[in-house]
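Each remark here refers to the structure printed beneath this line.
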Amino acid sequence: MRKKKLVVIGNGMAGIKCVEEIYKLDPQQFQITVFGNEPHPNYNRIMLSKVLQGNSSIDDIILNDWSWYKERDIRLYTNEMVTRIHTDSRIVETSSGLQADYDSLVIATGSSAFIPPILGVNKAGVISFRNIEDCRTMMEYARNYRKAAVIGGGLLGLEAARGLLNLGMETDVIHNAPYLMNRQLDRMSAEMLRKELEQQGMRFWLNKDTESITGRNRAKGIRFTNGITIEADLIVISVGIRPNIGLARASGIETNRAIVVDDFMRTSVPNVYAVGECAEHRGIAYGLVAPLYEQGKVLAKVICGQETGPYAGSVPYAELKISGIEVFSVGEILETEAETALQMYDGIRGTYKKVMMREDVIRGAILFGDTAESTQLLNLVKREAPVSSLSPAATASGGSDNDGIVAAMSDRETVCACNAVNKSAIMCAVLEDGLETTDQVRDRTKASSSCGGCRSMVSAVVKYALLNGKTSIAAGAPPICACTQMSHELLKASIASSAFISTKEVMTSLGWSKADGCAACSSAIQYYLSLLHPDIPACEAAFPLNEAFIGLTAGFTANMLQETVPKSASFLLGTTLHNHFGRMLFPYHVKTAVSSGLHEHAGVLVHEIGITGAPAGWEVYAAGHAEHPVKQGQLIGIADTDTLALELAAACLQLYRERAQFGEPMWKWMERESIVEIREALLDFDIRQELLDRVFASEKFNFNEERPGDRVCSR
């Protein structure tokens with residue numbers, strides 16, 4: 001059977017991330033050809049500043065070496081510039097005359113440094129800072145010259161300047177705004193940054209516009225518009241980037257600032273896609289690793305023909321990568337955009353924290369000197385969480401308490417946004433795999449391997465696991481039974497991060513004291529295997545749908561009464577829930593009641609899921625309990641349509657399946673996690689959709705599916 005032909009134009013981080021994901025999903029479907037205009041395999045461009053600063057070598061930042069391509073039978077053409085895309089015949093052509101035909105084409109041409117129209121900017125000694133060759137040029141200049149200048153006081157400009165200092169050059173930074181990183185920082189944090197960098201040896205020229213580059217044959221200095229001149233043998237331009245769209249535009253593909261794509265990364269031409277810095281999604285072109293990786297994952301599923309949710313955009317954030325200085329910024333940080341919710345300055349420790357809000361919702365944050373809370377704040381901004389969601393550690397005086405922050409994080413909370421690595425995966429790597437350093441965890445999980453901005457948080461989780469992990473398991477999270485020292489959460493984390501396919505394999509690998517375990521732990525293992533690896537046939541076979549397992553139910557009890565809302569509405573809600581969830585596995589017995597109104601005695605408030613008709617549509621309750629101890633269900637939301645009521649109920653059930661411990665009734669789970677946190681998750685559209693996607697993926701159905709006795713509900 002002929003493999004489909006996939007051509008990728010661009011050998012950078014975005015394009016190769018997409019290739020990696022495609023290879024994971026379906027390694028045999030495509031013959032992949034990659035064109036790169038540099039002589040190197042795929043490398044981490046974000047870490048170039050670390051090479052300049054002497055913290056990494058060029059070999060250290062290679063992400064996929066030559067052997068990686070060879071082992072996967074990927075044809076890599078380096079030093080090849082694609083000059084034409086023949087969209088009618090589906091052929092790409094390079095400047096050297098090479099041609100390659102395709103069934104699917106991915107454009108990942110990235111971006112180039114923006115070069116402003118400064119007189120003399122084309123002279124020798126004036127360069128940008130975008131690739132390995134630029135690094136080598138700067139190193140070469142440092143061997144022969146002493147004075148350097150960087151035009152641009154943003155992230156990349158400051159990182160380049162720090163690298164030049166490390167190379168032994170006297171370094172001036174010219175910035176056309178009144179303070180550094182003016183798009184990411186406020187005046188106070190920018191002033192703290194300036195003082196810190198001045199102590200390291202940088203000199204700053206703020207509020208200065210460059211008129212020309214002086215020197216006859218090569219750069220000798222810079223003249224400002226006010227007539228002042230400074231000397232410089234090497235001038236680095238770092239004032240922004242420009243997406244590389246010339247190839248796409250010349251080939252008839254729609255472009256604006258970048259290549260225009262839809263929510264599935266499709267361009268205006270069939271079978272042609274764009275990803276990364278060259279792509280414009282909903283009017284935005286991203287220059288950060290995390291959004292590019294998110295785009296790559298969506299595109300990989302689209303190209304492989306697998307169902308996927310749309311790419312809905314990303315929240316941009318910034319992290320300065322200069323040794324000894326920690327700076328983080330996300331979202332709306334200017335007083336004109338939002339108002340200050342929290343502001344803390346510690347002159348002794350040299351730390352600063354500011355959280356911005358609008359309409360009591362967290363909209364942005366700045367951290368200086370201590371960025372351990374950066375991932376947590378990023379997640380709060382992404383979720384548009386209320387200000388009340390700030391943790392006690394975030395609002396305490398005297399700086400952040402890293403142990404407190406890590407302890408307060410849920411196991412599923414993301415630590416590394418670029419590679420989607422959560423706390424659980426890092427804890428498991430330390431406690432189960434015996435890793436002891438941040439670098440070991442990075443190599444195993446990829447946490448902090450991309451932009452490196454989360455390294456301090458990864459280090460905090462590793463330290464917490466080493467110092468408190470075993471203790472917390474023994475004291476705060478008791479073992480499942482006498483057969484093991486593992487808690488439910490650690491067992492789930494171990495199964496999630498491994499390829500176990502049987503109960504026996506889990507017990508053997510994780511050191512069970514009894515070879516066959518007992519009813520409690522064996523049932524728990526089988527449940528977690530089925531939940532976390534639903535596509536492995538061995539797991540399904542090992543876990544028959546049978547109520548003989550303690551705490552499981554094979555279905556729902558649905559009490560359907562008529563009256564205030566139409567008889568058909570309450571009946572169909574109940575039958576839809578029963579048909580779709582009747583044979584799903586839950587940590588404990590689950591029953592549901594659907595009623596036309598609270599006046600009907602269906603027991604809505606004492607069932608795990610209760611749905612009742614109301615003037616506004618439907619009220620959805622969860623975690624009721626009819627037996628001792630009797631618990632009244634908590635309102636999780638009001639839905640104005642049948643579909644939304646079903647979605648709220650289904651998402652709540654999936655959240656319960658994923659987060660509860662085996663054998664834990666829903667009311668106990670809700671008391672442990674708090675109704676506020678659960679309600680926030682269910683009412684967040686993106687989180688709810690992710691939960692529903694996992695329901696559909698595991699059960700191979702959706703609410704649009706027409707089944708006997710069901711009314712079709714559109715999602």
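FYI, the numbering just counts along the sequence from 1.
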Checklist entry - When you look at T641 and E647, which way does the side chain to side chain contact (heavy atoms under 4.5 Å, CB included) test go after all the steps? => result CA-CA 10 Å; T641 65; E647 288 188 355; over 6 Å; no
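- With V458 as the fixed residue, the side-chain contact (heavy atoms from CB on, under 4.5 Å) test singles out one of I426, T445, T375: I426.
- The pair E294-K297 fails the salt-bridge criterion, with no side-chain N (NZ, NE, NH1 or NH2) lying under 4.0 Å from an Asp/Glu carboxylate O.
- Counting only N and O atoms by type, the side chains of H607 and Y621 include no donor and acceptor under 3.5 Å apart.
- Nearest heavy-atom pair, A622 versus I636, reported as atom, atom and distance to 0.1 Å: CB-CG2, 4.0 Å.
- Side chain of T414 to backbone of N422: no donor-acceptor contact under 3.5 angstrom is found.
- Inter-residue side-chain proximity for C416 and M457 is flagged as unmet; no heavy-atom pair is nearer than 4.5 Å.
- Residues G309 and V298 come closest through the heavy atom pair O-CG1, 3.8 Å.
- Distance CG/L377 to CG/L342: 9.0 Å, rounded to 0.5 Å.
- Looking at heavy atoms from C-beta onward, V355 lies out of side-chain contact with I366 at the 4.5 angstrom threshold.
- We find the CG-NZ distance between D684 and K382 to be 12.0 Å, quoted to the nearest 0.5 Å.
- For the pair E664 (side chain) and Q661 (backbone), a donor-acceptor distance under 3.5 Å is present.
- Between the side chains of Y588 and E608, not a single donor N or O lies within less than 3.5 Å of an accepting N or O.
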Next on the checklist: Determine whether W667 and M670 satisfy the following criterion, side chain to side chain contact (heavy atoms under 4.5 Å, CB included), listing intermediate values before the conclusion.
Outcome noted: CA-CA 5 Å; W667 66 268; M670 187 164 284; 5.8 Å; no
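- With values rounded to the nearest 0.5 angstrom, K591 atom NZ is found 9.0 Å from H625 atom NE2.
- By the 4.5 Å heavy-atom criterion applied to side chains, F328 and V330 are counted as neighbours.
- I362 places none of its side-chain heavy atoms less than 4.5 Å from the side chain of M357.
- Under a 4.0 Å N-O distance rule, the pair D370/K353 does not qualify as a salt bridge.
- Ionic pairing of K492 and E658 is not present here: no N-O contact between side-chain nitrogen and carboxylate oxygen is shorter than 4.0 angstrom.
- In this structure, M356 and I333 approach most closely via the heavy-atom pair CG-CA, 3.9 Å.
- Using a 3.5 Å distance cut-off with no hydrogens or angles, the side chains of S314 and Y311 do pair a donor with an acceptor.
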Checklist entry - V606 and K631: side chain to side chain contact (heavy atoms under 4.5 Å, CB included), yes or no, with the steps? => result CA-CA 6 Å; V606 287; K631 297 286 182 179; over 6 Å; no
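- Ring geometry for Y527 versus F662: interplanar angle of 30 to 60°, hence tilted.
- Between Y656 and V590, some side-chain heavy-atom pair lies under the 4.5 Å cut-off.
- Contact check on E307 versus K301 returns no salt bridge, with no Lys/Arg side-chain nitrogen under 4.0 Å from an Asp/Glu carboxylate oxygen.
- Side-chain atoms of Q440 come within 3.5 Å of backbone atoms of T437 as a donor-acceptor pair (strictly under, hydrogens ignored).
- The closest donor-acceptor contact from the side chain of T371 to the backbone of S374 lies at 3.5 Å or more, if one exists at all.
- Side-chain atoms of S509 come within 3.5 Å of backbone atoms of E505 as a donor-acceptor pair (strictly under, hydrogens ignored).
- Counted within 6.0 Å of CD on E671, heavy atoms from surrounding residues, nucleotides or ligands total more than 12; the atom is thus considered enclosed.
- Taking 4.0 Å as the cut-off between side-chain N and carboxylate O, R358 and E337 do not count as a salt-bridged pair.
- Taking CG from L491 and CD1 from I495, the interatomic distance works out to 4.0 Å, rounded to the nearest 0.5 Å.
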Checklist entry - Going through the distances and angles, do K423 and M427 end up as a side chain to side chain contact (heavy atoms under 4.5 Å, CB included)? => result CA-CA 6 Å; K423 173 187 171 184; M427 292 284 289; 3.9 Å; yes
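- Distance CD/E319 to CD/E326: 9.5 Å, rounded to 0.5 Å.
- Among all heavy-atom pairs drawn from P479 and T484, the shortest one is CB-O, 3.2 Å.
- Taking the charged nitrogens against the carboxylate oxygens, E673 and R679 have no contact shorter than 4.0 Å, which rules out a salt bridge.
- Taking both residues in full, the closest heavy atoms of A290 and Y317 are given as CB-OH, 3.8 Å, listed atom of the first, atom of the second, then distance.
- The NE2 atom of H589 sits 13.5 Å away from the CE atom of M666 when rounded to the nearest 0.5 Å.
- With no hydrogens or angles considered, a side-chain donor-acceptor pair links T438 and S459 at under 3.5 Å.
- Two residues are said to be in side-chain contact when any heavy atoms from C-beta on lie closer than 4.5 Å; R657 and L531 meet this criterion.
- With hydrogens and angles left out, the side-chain atoms of N419 and S450 include a donor and acceptor closer than 3.5 Å.
- Residues L288 and P291 have side chains in contact (heavy-atom distance under 4.5 Å, counting atoms from C-beta outward).
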Item to check | From CA spacing to verdict: side chain to side chain donor-acceptor pair (under 3.5 Å), Q343, Y352 | outcome: CA-CA 8 Å; Q343 189 170 21; Y352 176 75; 2.8 Å; yes
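- Side-chain contact between R363 and E384: present, with at least one pair of heavy atoms (C-beta onward) separated by less than 4.5 Å.
- The shortest heavy-atom contact between V415 and C454 is O-CB, 3.4 Å.
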